[in-house]
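Here the structure is a predicted model, which is why all the values come from computation and not from measurement.
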Amino acid sequence: MLGFIIFSFKIIVSAILGALISYNPKDDYKKSKIIETSLISIFSTSVIALTKQLSVNGDNLSMGFGLLTVFISIIFLSKSLAFEKRIIWYFAAISGSIIGSGYIFQASILILLIYIILHNSETLLNYFNSEYENNEDNSIENI
């Protein structure tokens, strides 16, 4: 019974974190993008959690097959997508795999970092670009 409760908790957390990857409050509400990444994360979590439960005495061969199954299926399903959407799907699969392994806090940090990069990319690029331009100007003035 405890295994069922833990599995259910992993699936719920995976659905929430998977949906967070595609959620953008500034953009129009894209329900299909949110559902896609949430389902990919749930799929990864369920496969990895199941192979972890079925592995006997730390046998990591089944975990390897689980990871291989997840990533082959994601590669096969996303081969016709644009680069940005493929990367988002890969990160949803990676976070789902991490959650399925039991590392929920680490997956949360990964999703938070991805969310910040995806939704603040222009601000970050402008910041780095302005620092680069300021460094060039200062070196010329010092001469």
Side-chain angles (χ1 to χ4, degrees), residues 1-140:
M1 185 65 177
L2 184 62
F4 174 73
I5 293 170
I6 293 171
F7 182 78
S8 301
F9 181 71
K10 286 179 184 179
I11 293 293
I12 291 169
V13 169
S14 177
I16 293 169
L17 291 178
L20 183 65
I21 292 174
S22 293
Y23 177 72
N24 189 359
K26 298 176 186 175
D27 197 12
D28 291 338
Y29 186 68
K30 303 272 179 156
K31 193 174 184 179
S32 63
K33 287 173 44 178
I34 293 172
I35 291 173
E36 287 172 355
T37 55
S38 182
L39 287 175
I40 289 168
S41 185
I42 290 171
F43 171 71
S44 301
T45 301
S46 62
V47 169
I48 299 301
L50 183 64
T51 56
K52 186 174 180 180
Q53 282 182 344
L54 295 178
S55 64
V56 179
N57 296 328
D59 181 25
N60 293 328
L61 189 61
S62 62
M63 288 288 287
F65 283 126
L67 283 171
L68 194 62
T69 302
V70 166
F71 289 110
I72 286 176
S73 61
I74 295 302
I75 289 170
F76 178 73
L77 290 173
S78 69
K79 64 183 172 185
S80 64
L81 297 176
F83 178 74
E84 183 179 353
K85 195 166 186 178
R86 283 182 89 173
I87 293 297
I88 291 172
W89 280 26
Y90 292 152
F91 276 117
I94 290 169
S95 67
S97 300
I98 293 171
I99 293 170
S101 297
Y103 300 106
I104 294 172
F105 182 70
Q106 288 87 339
S108 301
I109 291 175
L110 176 68
I111 295 296
L112 181 67
L113 181 65
I114 293 167
Y115 183 82
I116 290 170
I117 290 172
L118 280 176
H119 302 295
N120 297 319
S121 59
E122 296 204 11
T123 307
L124 289 171
L125 289 175
N126 289 337
Y127 176 73
F128 289 130
N129 194 16
S130 68
E131 274 191 0
Y132 178 72
E133 289 174 358
N134 288 340
N135 287 340
E136 285 182 358
D137 294 339
N138 290 338
S139 62
I140 294 172

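Across all their heavy atoms, Phe9 and Ile104 have their closest contact at CE2-CD1, 3.5 Å. A pairwise comparison of heavy atoms in Ile99 and Ala107 identifies CG1-CB, 3.4 Å as the closest pair. Nearest approach of Ser44 to Val70, heavy atoms of both residues: OG-CG1, 3.3 Å. Closest of all the heavy-atom pairs between Ile94 and Leu110 is CG2-CD2, 4.0 Å. Of all heavy-atom pairs between Ala92 and Ile40, the closest is CB-CG2, 3.9 Å. Between Tyr115 and Tyr23 the shortest heavy-atom distance is CE1-O, 3.0 Å.
Here the OG1-CD1 distance, from Thr69 to Ile74, works out to 11.5 Å after rounding to the nearest 0.5 Å. Note that the CD atom of Gln53 and the OG1 atom of Thr51 stand 9.0 Å from one another [nearest 0.5 Å]. Between Ile12 atom CD1 and Ile16 atom CD1 the span is 7.0 Å, to the nearest 0.5 Å. Residue Ile87 holds its CD1 atom at 12.0 Å from CD1 of Ile117, rounded to the nearest 0.5 Å. Taken to the nearest 0.5 Å, the CD1 atom of Ile114 stands 10.5 Å off from the CG atom of Leu17.
Sequence neighbours left out, the pairs with a member in residues 8-19 that pass side chain to side chain donor-acceptor pair (under 3.5 Å) are Ser14-Ser41, Ser14-Thr45. Among residue pairs with one or both ends in residues 90-105, those qualifying as side chain to side chain donor-acceptor pair (under 3.5 Å) are Arg86-Tyr90; sequence neighbours excluded.
Considering only residues two or more places apart in sequence or on other chains, Ser22 meets the side-chain hydrogen bond (donor to acceptor under 3.5 Å, both in side chains) condition with Thr37.
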| request: Could you walk me through whether Ser62 and Leu54 pass side chain to side chain contact (heavy atoms under 4.5 Å, CB included), step by step? | output: CA-CA 8 Å; Ser62 62; Leu54 295 178; 5.7 Å; no
| field | Criterion side chain to side chain contact (heavy atoms under 4.5 Å, CB included) on Glu84 and Leu118, from CA distance to verdict | value | CA-CA 10 Å; Glu84 183 179 353; Leu118 280 176; 4.2 Å; yes
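In this structure, Phe43 places its CZ atom where more than 12 heavy-atom neighbours from other residues, nucleotides or ligands lie under 6.0 Å away.
Contact check for Leu81 versus Trp89: side-chain heavy atoms found under the 4.5 Å cut-off. Within the 4.5 Å cutoff, no side-chain heavy atoms of Lys33 are placed close to those of Ile21.
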